[in-house]
Every structure is written in structure tokens, then in C-alpha cells.
Amino acid sequence: MESYEIHDMIIDNELEGEESVTVAIAYNGEDYLITFNKADLEIINKWIFEDNKSLPATLPEYIIESLREEIKRFI
């Protein structure tokens with residue numbers, strides 16, 4: 001199982017009326033930004049940064065579940 005490294009976590013209390021948590025991670029040599037709804041930790045969006053562009057990302061479910069567990073410890 002490959003691991004990831006969290007670079008930053010932002011807890012936003014006012015994203016268009018919904019609270020959210022955005023996590024910046026490095027995984028497989030790439031940088032990702034994942035935003036979760038703070039209330040239920042469902043994904044709002046996932047982005048990968050390549051060639052100075054942000055593109056929709058796909059991540060393994062075990063990474064998403066692991067991030068949810070880490071977020072629960074912080075909030």
C-alpha cells in the first residue's frame with residue numbers, strides 16, 4: 001500500500017454556506033488538493049496539479065478513507 005504526505009489542512013467555516021475541510025497532499029510524486037464537506041466528510045472535489053494546471057483527480061479509496069480518519073482527529 002502506497003502512502004501519502006499531508007502538506008496542509010484548511011478548515012473553512014464559510015464555503016458558500018457549507019463548512020469544508022481542504023487537504024493538500026503529495027502522493028506518488030504528485031500534488032493533490034481534496035475538499036471534503038465538514039459535516040459528513042463526503043468529497044466536494046479532488047484536483048491534481050500537473051504542468052501548472054489543476055485537473056480532476058482520481059485517488060484510491062483507501063487514501064480517501066485514510067484522509068477522513070486523519071481529518072476526524074483534527075476536528
Side-chain angles (χ1 to χ4, degrees):
M1 191 177 324
E2 298 170 28
S3 64
Y4 61 88
E5 180 180 342
I6 294 178
H7 290 285
D8 200 7
M9 184 181 300
I10 301 167
I11 300 172
D12 186 351
N13 294 324
E14 296 190 30
L15 176 69
E16 297 179 18
E18 291 185 7
E19 295 181 334
S20 65
V21 178
T22 300
V23 182
I25 68 168
Y27 171 69
N28 278 347
E30 302 285 351
D31 293 321
Y32 293 83
L33 198 63
I34 304 100
T35 302
F36 296 87
N37 180 312
K38 185 179 173 188
D40 58 12
L41 296 180
E42 289 301 314
I43 293 176
I44 296 172
N45 59 45
K46 308 178 275 204
W47 300 100
I48 185 171
F49 297 97
E50 294 179 348
D51 301 323
N52 295 321
K53 295 183 225 173
S54 59
L55 304 167
T58 302
L59 286 165
E61 191 60 31
Y62 75 88
I63 297 287
I64 300 300
E65 288 304 318
S66 181
L67 286 169
R68 284 182 176 123
E69 292 303 315
E70 295 230 22
I71 291 168
K72 286 178 188 176
R73 285 182 259 187
F74 281 100
I75 58 175

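For E65, the salt bridge (Lys or Arg N to Asp or Glu O under 4.0 Å) criterion is met by R68, not counting sequence neighbours. With sequence neighbours left out, K46 forms a salt bridge (Lys or Arg N to Asp or Glu O under 4.0 Å) with no residue at all.
With rounding to the nearest 0.5 angstrom, the CG atom of L33 is 7.5 Å from the CG atom of N45. In this structure, CD1 in I43 is found 13.0 Å from OG in S20, a value given to the nearest 0.5 Å.
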Mind running side-chain contact (heavy atoms from CB on, under 4.5 Å) on L67 and I6 for me, showing each step along the way? CA-CA 9 Å; L67 286 169; I6 294 178; 4.1 Å; yes
side-chain contact (heavy atoms from CB on, under 4.5 Å) between K38 and I71: does it pass, once the steps are laid out? CA-CA 9 Å; K38 185 179 173 188; I71 291 168; over 6 Å; no
side-chain contact (heavy atoms from CB on, under 4.5 Å) between L59 and Y4: does it pass, once the steps are laid out? CA-CA 11 Å; L59 286 165; Y4 61 88; over 6 Å; no
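D51 places no side-chain N or O within donor-acceptor distance of the main-chain N or O of K53, the cut-off being under 3.5 Å.
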Identify each donor-acceptor pair in which a side-chain atom of residues 22-30 lies under 3.5 Å from a protein atom, sequence neighbours left out, and give them as a table.
residue, atom, partner, partner atom, Å
T22, OG1, T35, OG1, 3.1
N28, ND2, E2, OE1, 2.9

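F49 and L55 are members of different hydrophobic clusters when ILVMFWY side chains are connected at heavy-atom separations under 4.5 Å. Taken together through direct or relayed side-chain contacts under 4.5 Å among Ile, Leu, Val, Met, Phe, Trp and Tyr, I10 and F36 form parts of separate hydrophobic clusters.
Here the closest heavy-atom approach between residue S54 and residue W47 is recorded as C-CE3, 4.0 Å.
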